[in-house]
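What follows is a set of notes on a single structure, which appears directly below.
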Amino acid sequence: MNLTAELDRRAWVVQVMGLPVSVHLRGPRVRTDPVAERVERVFAELREIDAVFSTYRPESVLGRLGGRRPDPATAEPLVREVVELCELARLRTDGWFDADRLPLPTGGTGFDPSGLVKGWAVERAARWLADLPDHDLCLNAGGDVLLWTAPGRPAWRVGVENPGRPERLLDVLERERGAVATSGTSRRGAHIVDPHAGRPAEAVRSVTVVGPDLLWADVYATAAVARGADALDWLATLDGYAGLLVDAAGRLRATPNWPGTRPAAQTRAG
Amino acid sequence: MQVRITVSGGKITDVTALQVPDGNRRDQEINDYAVPILRQQALAAQSAQIDTVSGATVTSDGYRESLQSAIDAAHLK
């Protein structure tokens with residue numbers, strides 16, 4: 001029995017936070033107004049969060065601070081939450097994710113939580129769709145994916161892009177719920193900073209992390225790129241998360257619990 | 001660049017350049033390069049039956065040439 005063929009599916013795409021964000025829903029009511037309104041709420045919340053956190057907007061809360069870290073004691077609750085999550089991310093990544101010393105769009109270095117805000121914002125905004133029974137979600141925000149399925153539904157199939165050859169896929173993952181996040185240097189060149197050396201990280205082309213939470217999958221993928229080629233050993237220690245790493249020479253390694261078809265043994269990205 | 005994505009029964013069957021700007025050699029070169037890649041991407045995605053693509057951050061500018069945009073286009077209506 002092919003359930004997929006019987007399920008209606010619809011996509012919405014909006015540019016927000018400087019990224020394409022696409023929402024795909026499968027289910028019986030994807031063409032109804034109430035469902036479309038929920039999707040609009042998702043995009044509206046992402047815009048609201050961007051208006052607070054964007055470091056590209058001089059009038060945002062972060063923009064006005066010009067690279068200073070907001071004081072958690074006086075910040076509004078959402079800003080405090082992000083500042084505290086950034087500190088937790090620094091601790092959980094042994095300092096390889098560090099929002100405090102990043103190059104700012106306006107020049108110089110300072111506090112920029114953007115690398116964490118994206119995953120956090122998407123998880124938060126997706127709650128508008130959480131209580132639609134019988135509907136499956138596949139949300140892609142600039143290459144980072146959050147998904148879930150109703151009981152008995154087929155898993156979503158997530159292609160992992162080959163950073164050296166975007167026309168090819170490295171792997172295909174079947175996921176019923178959770179997150180798939182990829183960080184790397186392929187699309188925009190080296191833009192992830194090694195916080196210890198203070199310069200762009202270049203030892204790794206891309207890292208894909210699979211796990212329950214988008215925020216953490218994204219943070220761990222970014223930290224792994226900064227960390228370099230030995231990041232895979234660190235990823236293997238993270239409970240509930242798995243990783244696939246492509247180094248600068250195109251060599252491919254995965255953690256033992258990697259759910260795709262790629263073997264844990266080292267192979268080459270074609 | 002504008003491309004036409006042909007969708008039949010919810011599946012991408014072809015990708016072709018709809019509007020190839022003329023009089024600009026650089027544009028032409030980009031099209032000659034990008035359209036075959038996009039077509040290959042879209043059809044590869046179709047054969048792999050993938051629903052989405054995880055990759056290093058696609059900016060809004062890069063989106064139109066991405067595999068994800070082809071997948072999205074097949075389900076927008």
Side-chain angles (χ1 to χ4, degrees), chain A residues 4-5 9-13 15-20 22-26 30 118 136 138-145 147 154-163 165-170 172-173 175 179-188 191-192 205-210 217 221 225, chain B residues 1-18 20 27-77:
Chain A
T4 322
R9 174 171 171 183
R10 188 174 172 193
W12 293 259
V13 185
Q15 308 288 328
V16 58
M17 303 190 291
L19 299 165
S22 68
V23 169
H24 288 234
L25 287 173
R26 284 188 312 212
V30 296
K118 179 169 73 160
D136 311 328
C138 178
L139 191 162
N140 190 317
D144 293 335
V145 180
L147 38 87
W156 293 103
R157 289 172 61 83
V158 183
V160 178
E161 190 179 83
N162 184 331
R165 302 179 66 175
E167 76 279 15
R168 295 245 185 121
L169 298 173
L170 285 180
V172 177
L173 307 172
R175 308 297 292 166
V180 184
T182 300
S183 293
T185 51
S186 66
R187 291 273 182 186
R188 291 189 293 175
H191 66 279
I192 292 173
R205 265 191 218 163
S206 79
V207 174
T208 299
V209 173
V210 174
V225 171
Chain B
M1 179 177 76
Q2 239 186 328
V3 295
R4 173 190 286 124
I5 293 163
T6 310
V7 179
S8 174
K11 300 230 178 281
I12 302 162
T13 53
D14 199 12
V15 179
T16 49
L18 197 59
V20 180
D27 279 356
Q28 185 63 53
E29 283 169 6
I30 290 169
N31 274 306
D32 288 349
Y33 171 76
V35 173
I37 288 180
L38 188 57
R39 178 192 287 122
Q40 206 179 344
Q41 281 182 342
L43 299 178
Q46 205 67 68
S47 64
Q49 293 186 304
I50 59 166
D51 295 302
T52 195
V53 182
S54 182
T57 307
V58 179
T59 60
S60 296
D61 289 341
Y63 171 71
R64 274 174 298 176
E65 293 153 38
S66 73
L67 176 48
Q68 183 64 39
S69 74
I71 296 171
D72 290 340
H75 296 282
L76 282 175
K77 276 294 155 194

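We name chains A, B, ... by the order of the sequence lines, and we start the count at 1 in each one.
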Structural part of [X] lying under 4.5 Å from a heavy atom of chain B:
X	answer
Val145(A)	side chain
Ala181(A)	backbone
Trp156(A)	both

By side chain to side chain donor-acceptor pair (under 3.5 Å), which residues pair with Ser22(A), not counting sequence neighbours?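 Partners of Ser22(A) by the side chain to side chain donor-acceptor pair (under 3.5 Å) criterion, ordered by chain and then number, come out as Gln68(B), Asp72(B).
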All side chain to side chain donor-acceptor pair (under 3.5 Å) counterparts of Asp144(A), not counting sequence neighbours: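 Side chain to side chain donor-acceptor pair (under 3.5 Å) list for Asp144(A), sorted by chain: Lys118(A).
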Determine, stepwise, if the pair Val158(A) / Val172(A) fulfils side-chain contact (heavy atoms from CB on, under 4.5 Å). CA-CA 5 Å; Val158(A) 183; Val172(A) 177; over 6 Å; no
So, the side chain of Arg9(A) versus the backbone of Val30(A): is there a donor-acceptor pair under 3.5 Å, distance only?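 Pair absent, no side-chain N/O of Arg9(A) close to backbone of Val30(A).
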